[in-house]
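All remarks here apply to the structure that follows.
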Amino acid sequence: MALRPFKTRFAPSPTGLLHLGNIRTALFNYLLARQADGTFLLRLEDTDAMRGHEKFARALEEDLRWLGLSWNEGPEAGGGHAPYAQSERGHIYKEYFAALESKGLAYPCFCSEHELAVARKTALAAGRPPRYSGKCRALARAEAEARFARGEPATLRFRVDDGRTVEFDDKVRERQTFATSDIGDFVIRRSDGTPAFFFCNAIDDAVMGVTLVVRGEDHLTNTPRQILLLQALGLPVPEYAHIALVVGADGAPLSKRTGSRSVQELREAGYLPVAINNYLARVGHTYDSNALMSLQALAENFGLSRLGRAPARYDETQLIHWQHEALLHLSSAEIWNWMEAKVDALVPSDKRPAFMDAVRANVTFPADALHWAQIVFTDALTVSHPARESINAAGEEFFDIARRALEKHGADFKAVSDMLRHQLSVSGKALFQPLRAALTGELDGPEMAKLLPLIGVERARNRFLSLSEDLKPK
RNA sequence: GCUCCCAUCGUCUAGUGGCCUAGGACGCUGGCCUCUCACGCCGGUAACAGGGGUUCGAAUCCCCUUGGGAGCGCCA
C-alpha cells in the first residue's frame, strides 16, 4: 500500500448530545492526528434521516470546538472529500452497490423483517448464533427480477463465504482473528434503498483516506465485515485501534443514572475544557506527568500503547480534581470571564480584583462564585443551620460588641476581632466562628480579613445589629 | 445461548519473570500552616479476584473458576 498521509477521524451520528465516552474517542483521534502532524477529520453519520437532526449536528460541532478539538477536514473546514455528511453521499454508495452486485458479491434478499426476527429468535433459543440463513443467496436472477417487478421490497446482502479467516493487527488489542463462518451474509442496503451504517462507514473511511480508525470496542466485531467489504471493492483498508469503553461507577454502561453528563451540561456547569481534556486523556490511558497539560502536551505524550484494555470507570471526583488544577492556571481576567454574567452584575467594578483574590481558592464552579458574590454584595443572607447554632451560642452581647468594634475600627477585621477578644476574653473558634457565621451565614469560606472590606461597614453593621435584635431576650 | 475482549488500592493507573516488604495520582485521613474552608508542605490508609500449574523465582507465563465488558439487527 502506498504511503498515505496520516489521518484519523471522528464520525459521530448526530442523534443526540455528545457525552463523555464519545468525546474521549474524539479526543484520542484528535491527539493522534496532532501528534503525527496529520489530519483530524470530522464526518457526520446521518444515514438515518429520521433520527439525524441538524440541531444535533450543530451542537456536536459546537462541543468539539469548545473543547478545542478542531478538525482540519470536514463540515465547514472543507477538504477534498466533501460532502462530509453521509446523507449527502448517496451517489457514492450507489456506485459501490453496483460494483458489488456486478461482481456477484452482493444479492437481493426478500426475507421479511418478521421472518428474520423469528429465525433469529429460534436460533438463539436453540443455542446457535443468530446468523442469516442464506435463504435468498441462491435466488435465480430471473426470479429476483420478477419479484422486484412485483414491487416486493428487498435488501441487499453482502456475501460472506464460510471457511475463511479475517485477520488484522489492532493497534490496541494486537492481532485479531475472526472466522467468516461466524459472520454470515449481512445487509448493506436496506429495503427502503438507504445504505446500512456498516457500509457507509467503511466506504467513507477508505475513500476519504483515513489511515487510522480509533473507535470504541463495541465496533471490534464489525471490523472483519468492513475489511471484507473493502477488500471486495479493492479499497484501502485503514488501521484500526479499538479502545475500551468507559463505564459508570457501577461498572455498567455509562448512563445518566451513573452520573454521566453531556458535554453541554458540563459546559453549563462551568467545567473548563482543559479540565475535561486532561481527565478524559487519563481515563484508560496514562501519562508520566500528573500535571495539567495543554492539548499540545497531551498530544505529544499520547500513545496507543499506553492505553488500558479493560473498561474504565467514570469518576467525577477525578474530573473535579482537574477542574481545580485548571482553575489554578487561570489568570484573573480568565477567571472573571469564566464566572457568569450574574456574578458580573453583582460585583462593583472597582472591587473585582479584591473579590477575585478573596474568593478564587474557594470556587470550583461559577455557581460558587455567585454564592459568594451574593453573600458579599447583597443584603439578603441565608444562614446555614450550623452557622445559626454558632450565632446562638455566641449570644447577644457578642454581636453588640462586634457592632461597636466595627463602628470604631471600620472594616479592619483584625482590629475588630482583637477588640472582641479583649472585651469578652474569647479566642480561637469561639471568637472567629460566630463572626464568620454572622457575616457570611456560613462556617467556612474565604479569609474574613479579605471579605469584610468587601462586605463593607454598613452591611456588616446591619448584620450584627439584626442579630443583636434577634437574640435579645423577649 | 454462542463468539470475542478484559481483570493491580474505593477510582484512574505503573508494572512485560528477580529492581515489588507492588510505585504514582484522585479520594479519604493525621499533622503543619491557619479564624474556618480551600491552597501549600509533610505523613497515613488501601490492591496483585480465587484455585491450580510452569519456574530456582511469578502481579508478570499457562489452564480452570468467578466477575465485568462487547458483539451476534433492514441501530448507529
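Below, chains carry the letters A, B, ... as their sequence lines are ordered, and counting in each starts from 1. Keep in mind that this is a model prediction, so the values were computed, not measured.
- Within 4.0 Å of A:R360, counting heavy atoms only, lies no atom of the nucleic acid at all.
- Two residues, A:L319 and A:F178, neighbour RNA chain B, and the one matched to the more 5' nucleotide by heavy-atom proximity is A:F178.
- Taking CG of A:L452 as the start and CG of A:L435 as the end, the distance is 9.0 Å to the nearest 0.5 Å.
- Across all strands shown, A:C109 has no heavy atoms under 4.0 Å from either base or sugar-phosphate atoms.
- Within 4.0 Å of A:R421, counting heavy atoms only, lies no atom of the nucleic acid at all.
- Comparing B:C26, B:G69, B:G1 by their closest approach to the side chain of A:H321 singles out B:C26.
- In this entry the distance linking CD1 of A:I320 with C1' of B:A38 reads 14 Å, nearest Å.
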Can you give one letter per nucleotide of nucleotides 7-16 of chain B, 5' to 3': B if a protein heavy atom sits under 4.0 Å from the base, S if only from the sugar-phosphate, - if neither? S---BSSS--
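- Residue A:L245 is in sugar-phosphate contact alone, with no base atom involved, counting any heavy-atom pair closer than 4.0 Å across all strands shown.
- Minimum atom distance to the side chain of A:R173 is reached by B:C6, of the listed B:C6, B:C74, B:A70.
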Give every pair of a protein N or O atom and an N or O atom of nucleotides 33-35 of chain B that lie under 3.5 Å apart, one pair per line with the distance.
residue, atom, partner, partner atom, Å
B:C35, N3, A:R436, NH2, 3.4
B:C35, N4, A:M448, N, 2.7

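- Look at B:U66: its Watson-Crick or wobble partner, with both distances under 3.5 angstrom, is B:A7.
- The environment of CZ in A:R164 is sparse: at most 12 heavy-atom neighbours from other residues, nucleotides or ligands sit within 6.0 Å.
- Partner of A:F158 under the ring pair (Phe, Tyr, Trp, His ring centres under 6.0 Å) criterion, chosen from A:Y107, A:F97, A:F186, A:Y96: A:F186.
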Classify every nucleotide of nucleotides 39-51 of chain B by which part a protein heavy atom approaches to under 4.0 Å, writing B for the base, S for the sugar-phosphate alone and - for neither, in 5'-to-3' order. -------------
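- Atom CG of A:L228 sits about 11.5 Å away from atom OG1 of A:T223, to the nearest 0.5 Å.
- Taking for each of A:Q176 and A:R189 the nucleotide of RNA chain B with the nearest heavy atom, the 5'-most of the two is the partner of A:Q176.
- Between A:L230 and A:A202, the shortest heavy-atom distance links the atoms CD2-O, 3.5 Å.
- Counting non-hydrogen atoms under 4.0 angstrom, A:T155 reaches a base of the nucleic acid.
- When rounded to the nearest whole Å, the span between CG of A:D185 and P of B:G73 equals 12 Å.
- Residue-level contact check: A:H242 touches neither bases nor backbone, having no heavy atom under 4.0 Å from any strand.
- Within 4.0 Å (heavy atoms only), A:R225 reaches sugar-phosphate atoms of the nucleic acid but no base atom.
- Contact annotation: A:R120 side-chain N/O to B:C74 OP1/OP2 distance is under 4.0 Å.
- Minimum atom distance to the side chain of A:R190 is reached by B:A76, of the listed B:A76, B:U36, B:A25.
- Regarding A:Q86, its CD atom lies at a distance of 13 Å from the C1' atom of B:C75, rounded to whole Å.
- When heavy atoms are screened at a 4.0 angstrom cut-off, A:N222 is found touching base atoms of the nucleic acid.
- In this structure, the nucleotide among B:G1, B:C74, B:A70 sitting nearest to the side chain of A:L116 is B:C74.
- The CG atom of A:D444 sits 11 Å away from the P atom of B:U36 (whole-angstrom rounding).
- Counted within 6.0 Å of NZ on A:K171, heavy atoms from surrounding residues, nucleotides or ligands total 12 or fewer; the atom is thus considered open.
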